[in-house]
Amino acid sequence: MANTEFDQFRGSADYVADDALRNSVNVSMALRRPLLVRGEPGTGKTLLAHSIARGLGKRLITWNIKSTTKAQDGLYVYDTVQRLNDSRFGDRDVSDIRYYIKLGKLGQAFISSEQVVLLIDEVDKADLEFPNDLLNELDEMSFFIPETNETITAVHRPIVVITSNAEKELPDAFLRRCIFHFIEFPDPARMEEIVKVHFPDIQNNLLGEALKAFYVLRGVDEFRKKPSTAELIDWIRALIAGGIPHDRIFKEIPFVGTLLKKETDYDFFVTRHQGRRRPNSRADAYRMLY
Amino acid sequence: MFIDFFYTLKKRKVPVSITEWMALMDALSRGLISNLDEFYYLARAILVKSEAYYDQYDVAFQEYFKGIEAPAEISEKILEWLKDPINRMTLTDEEKALFDMMDFDELLREFEKRLAEQTEQHDGGNYWIGRGGRSPFGHSGSHPAGIRIGGESRGRGAIQIAQERRFRNYRSDLTLDVRQVKMALRRLRELSRIGPEDELDLEETIDATAKNAGDIELCWTRSRRNTVKLLLLMDVGGSMVPHAEVCSQLFSAAHSESHFKDFQYFYFHNCIYDNLYRDIERQGEISTEQLLRTLEPEYKVILVGDATMAVQELTEKYGAIYYYQRNDTPGIIWLKRIAEHFTHCVWLNPETEYSWNHPTVLIIGKLFPMFHLTLDGLGEAVRKLNVRR
């Protein structure tokens with residue numbers, strides 16, 4: 001791409017981004033719209049924001065969304081109880097209300113003196129109305145605090161990355177304002193690249209065997225939760241730490257517990273792959289795991 | 001520009017809006033892309049907001065850009081060439097003016113046209129596509145023995161990606177799984193304040209504290225809970241056997257969804273008559289009348305069935321498919337009673353809309369709003385359940 005102003009994000013040393021993803025990031029920056037990232041768990045949605053921050057040399061502010069998070073929490077919190085308490089015991093001068101207004105993550109991103117990357121992680125965890133409540137703030141990059149009669153406006157428009165696990169559908173009005181990217185599950189060639197970023201001096205035969213086993217497991221449709229990139233990385237770490245010779249990997253699939261996290265999947269694997277009955281006792285299961 | 005593409009997307013049921021389309025135009029006018037591959041990703045990122053529509057997008061893209069299948073890579077070269085000011089200098093003033101006028105897709109169309117006219121290799125000249133000429137198209141290449149305007153291929157072009165249709169599996173109008181059904185059902189909710197008082201009522205607290213001359217007094221209120229009660233009535237056996245899987249998914253989603261205040265489910269066969277059953281083997285009878293007596297009208301009712309049967313099975317006395325059922329009241333009356341008793345009912349039909357021409361489907365469709373049992377249909381049904389008739 002010729003336009004250098006546009007082509008800002010090129011991935012970072014520790015994160016492998018394909019063309020489509022790089023494009024989406026750059027488009028969202030150029031159009032100054034939030035980037036909404038979706039994908040299977042463990043495909044590196046959250047890490048993308050870290051990578052953007054590192055790649056562009058900007059500070060990252062993370063706002064982790066929980067089921068109880070309200071849009072207001074991201075803007076500011078007026079600590080009434082503290083003020084009430086202070087007034088009651090006369091600890092502090094309570095006449096200045098600004099003392100009790102604490103900015104949330106979005107507010108912090110706005111007042112930062114340099115441009116920051118704001119990660120709104122797992123936006124779908126919150127209440128259904130949550131994204132709608134943030135529409136205006138994200139559009140205009142400003143909000144009003146009635147208590148102090150102040151308007152907080154973004155000094156520099158933050159680069160906003162929003163991740164979602166598709167647990168809830170997001171409102172249309174919110175989607176319309178976003179740039180959307182779906183992170184596909186990487187193919188073996190790209191996966192090799194990704195693993196090498198994490199383990200630069202991994203032996204080729206170990207990597208090859210591990211990937212072979214991994215994609216065979218991925219191909220089993222009966223699994224309720226298929227192993228993903230994050231699990232593969234963990235597994236390889238375990239393989240290296242355990243000093244497992246590469247010729248045993250595909251045959252035995254050691255430490256399968258790091259790849260399969262659901263009991264039913266594990267049972268299925270044990271009966272099918274190893275041709276054994278479901279382990280009867282806990283000790284039995286333990287032995288097979290390690 | 002490309003406005004037909006917008007309508008192609010609309011036709012393919014990709015939900016695109018003018019806002020997004022304007023954003024795409026904005027991006028294009030800033031020169032953010034230089035070839036069709038990038039256009040594919042750019043347009044997808046801006047216009048499509050769920051992987052569920054990636055497949056429809058691919059289909060629409062293929063349909064609209066079909067004519068320029070091969071040149072995806074060539075056009076990139078052309079643009080690169082055009083951007084180089086040195087190349088520009090070789091053009092006549094007339095041609096320069098032409099370039100400033102033409103936009104990208106016009107250029108491509110022009111290229112296509114000339115490509116179609118040309119039948120032999122061509123060097124020099126100022127119209128045909130070839131080497132060393134002053135024609136807008138390319139600097140080295142031959143035709144028809146394989147078109148290439150220099151440079152190496154950058155992997156698969158957008159059209160090829162679109163043709164692969166890798167995102168078919170993500171379409172929401174085709175697949176249903178338990179988790180998705182749960183998500184759809186989760187929208188069934190009505191919040192009201194019930195249960196123990198465990199939430200701080202700030203307003204009340206401030207009021208009480210003020211009245212108390214500043215001595216803090218805490219007041220509590222009940223937190224908001226979902227008050228929706230759900231009744232699921234499912235047709236089993238017979239013509240429903242092919243749909244057993246999708247029905248069981250719906251059932252397990254509703255069953256494991258703990259956010260309903262109450263969840264009741266019963267089975268019936270073919271049509272609802274005097275009795276409903278507790279399980280698939282039709283054990284544990286409960287009379288339909290008792291059900292109507294014991295369940296309050298505010299239960300939201302989802303009926304699942306293909307609604308396809310012989311007409312007399314629906315409308316006649318003793319019409320039940322099993323002789324021993326000996327129903328004194330025709331099925332249609334029972335259905336009507338259910339529709340009248342409960343204020344919110346929907347009928348989910350696992351058969352596609354094409355087969356809804358059957359007389360009994362039409363009759364039942366008049367009693368209950370009927371939806372296709374897909375994720376989209378379920379979403380609409382839930383929306384219907386949320387509003388009062």
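Reckoned from all heavy atoms, side chains included, excluding hydrogens, waters and symmetry mates. Quick caveat: nothing in here was measured; it's all calculated off a predicted structure. The chains referred to below are lettered A, B, ... by the order of the sequence lines, with proteins before strands, and numbering in each begins at 1.
A side-chain N or O of Arg38(A) and one of Ser50(B) form a donor-acceptor pair less than 3.5 Å apart.
The CZ atom of Arg33(A) lies 7.5 Å from the CG atom of Asp26(B); values are rounded to the nearest 0.5 Å. Rounding to the nearest 0.5 Å gives a distance of 7.5 Å between CG of Leu31(A) and CG of Leu42(B). Going from atom CZ of Phe174(A) over to atom NZ of Lys49(B) covers 10.0 Å, rounded to the nearest 0.5 Å. The distance from atom CZ of Arg176(A) to atom CH2 of Trp21(B), rounded to the nearest 0.5 Å, is 16.0 Å. To the nearest 0.5 angstrom, Thr80(A) atom OG1 is 5.0 Å from Leu202(B) atom CG. With rounding to the nearest 0.5 Å, the separation of CD in Glu51(B) from NE2 in His181(A) is 11.0 Å.
Of the two parts of Thr205(B), neither the backbone nor the side chain holds a non-hydrogen atom closer than 4.5 Å to a non-hydrogen atom of chain A.
More than 12 heavy atoms of other residues, nucleotides or ligands sit less than 6.0 Å from atom CZ of Phe144(A). Residue Tyr99(A) places its OH atom among 12 or fewer non-hydrogen atoms of other residues, nucleotides or ligands, all under 6.0 Å distant. Atom NZ of Lys102(A) sits in a crowded spot, with more than 12 heavy atoms from other residues, nucleotides or ligands closer than 6.0 Å.
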side-chain contact (heavy atoms from CB on, under 4.5 Å) between Tyr53(B) and Phe180(A), intermediate numbers included: CA-CA 12 Å; Tyr53(B) 296 109; Phe180(A) 174 76; over 6 Å; no
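Counting heavy-atom pairs closer than 4.5 Å to chain A, the top residue among Thr209(B), Val16(B), Ile46(B) is Ile46(B).
Judged by distance alone, the side chain of Tyr41(B) and the main-chain N or O of Arg22(A) form no donor-acceptor pair under 3.5 Å. Arg30(B) contributes a side-chain N or O that, together with a main-chain N or O of Ala30(A), makes up a donor-acceptor pair within less than 3.5 Å.
At a threshold of 4.5 Å between non-hydrogen side-chain atoms, the residues Glu38(B) and Asn23(A) count as touching.
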